[in-house]
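Everything on this sheet refers to the single structure shown next.
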Amino acid sequence: MASKLSISKETSQKLIKDFGKSEKDSGSAEVQVAILSERISNLTTHLKDHPKDNHSRTGLMKLIGKRRGLLSYIKARDIDEYRALIKKLKIRDNV
């Protein structure tokens with residue numbers, strides 16, 4: 001059964017270490033985008049197995065909207081950092 005956040009603590013700690021400015025930097029926009037991307041990918045695989053799960057689909061759309069807002073913030077702040085982030089996360093530039 002999936003946890004409440006749909007990712008494990010170890011996974012989120014690894015993402016914080018990879019994308020954060022320090023070990024305890026869980027609030028920066030880059031870390032939040034990385035964690036949201038992991039959750040989105042987990043929900044996407046869940047919805048491939050359960051195509052009629054509309055409640056999870058609604059949650060997925062909300063997560064995508066949050067990630068899009070954070071990405072637009074990063075893009076407005078620093079375009080080079082934005083390009084590096086989407087390249088590292090392997091997501092498309094649609095903001």
Side-chain angles (χ1 to χ4, degrees):
M1 178 159 189
S3 68
K4 181 181 175 194
L5 296 176
S6 75
I7 60 173
S8 65
K9 286 185 180 181
E10 294 82 20
T11 306
S12 64
Q13 289 298 321
K14 181 181 177 295
L15 291 171
I16 290 169
K17 187 188 299 183
D18 292 344
F19 292 94
K21 294 168 181 58
S22 69
E23 291 288 324
K24 305 220 182 235
D25 178 24
S26 62
S28 68
E30 294 81 10
V31 173
Q32 290 181 39
V33 167
I35 290 173
L36 284 172
S37 295
E38 181 70 24
R39 290 179 66 194
I40 287 169
S41 106
N42 290 346
L43 263 177
T44 303
T45 57
H46 169 78
L47 287 171
K48 286 179 183 174
D49 294 337
H50 306 92
K52 294 185 177 182
D53 187 358
N54 289 321
H55 292 293
S56 293
R57 190 174 310 280
T58 303
L60 175 66
M61 292 300 136
K62 287 182 179 182
L63 290 177
I64 290 172
K66 279 186 185 180
R67 182 177 73 175
R68 184 177 226 179
L70 287 168
L71 283 171
S72 66
Y73 166 73
I74 295 170
K75 187 175 185 178
R77 190 182 64 191
D78 186 5
I79 189 74
D80 295 329
E81 187 176 338
Y82 168 78
R83 288 184 183 138
L85 182 64
I86 63 170
K87 186 175 182 180
K88 194 171 181 181
L89 289 173
K90 298 179 180 129
I91 56 178
R92 288 182 287 167
D93 180 14
N94 60 356
V95 176

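Computed from a predicted model, the values in this text were never measured in an experiment.
- Scanning both residues, Asp25 and Ile16, for their nearest heavy atoms gives O-CG2, 3.5 Å.
- Taking 4.5 Å as the limit, some side-chain heavy atom of Leu85 sits within range of a side-chain heavy atom of Leu71.
- For residues 47-67, the pairs satisfying ring-ring contact (aromatic ring centres under 6.0 Å, His included) are His46-His50, with sequence neighbours left out.
- With values rounded to the nearest 0.5 angstrom, Ser37 atom OG is found 12.0 Å from Lys90 atom NZ.
- A distance of 5.0 Å separates CG of Leu47 from CZ of Arg57, quoted to the nearest 0.5 Å.
- Here the straight-line distance linking atom CD of Gln13 with atom CD of Glu23 works out to 8.0 Å at 0.5 Å rounding.
- Enclosure of atom NZ in Lys87 is not indicated, since only 12 or fewer non-hydrogen atoms of other residues, nucleotides or ligands lie within 6.0 angstrom.
- Here the CG atom belonging to Leu63 is positioned 10.5 Å from the CG atom belonging to Asn42, to the nearest 0.5 angstrom.
- Shown here for Ile35 and Ser12, the closest heavy-atom pair between the two residues is CD1-CB, 4.4 Å.
- Separating the CG atom in Leu36 from the CZ atom in Arg39 is a distance of 6.5 Å, to the nearest 0.5 Å.
- Side-chain contact between Val31 and Leu15 is absent, with no heavy-atom pair separated by less than 4.5 Å.
- Glu30 places no side-chain N or O within 3.5 Å of a backbone atom of Gly20 that could act as its donor or acceptor partner.
- Side-chain atoms of Arg77 never come within 3.5 Å of backbone atoms of Tyr82 as a donor-acceptor pair (strictly under, hydrogens ignored).
- Counting heavy atoms from C-beta on, the side chains of Val33 and Phe19 never come closer than 4.5 Å.
- For the atom pair CG (Asp53) and OG1 (Thr58), the distance works out to 9.0 Å, reported to the nearest 0.5 Å.
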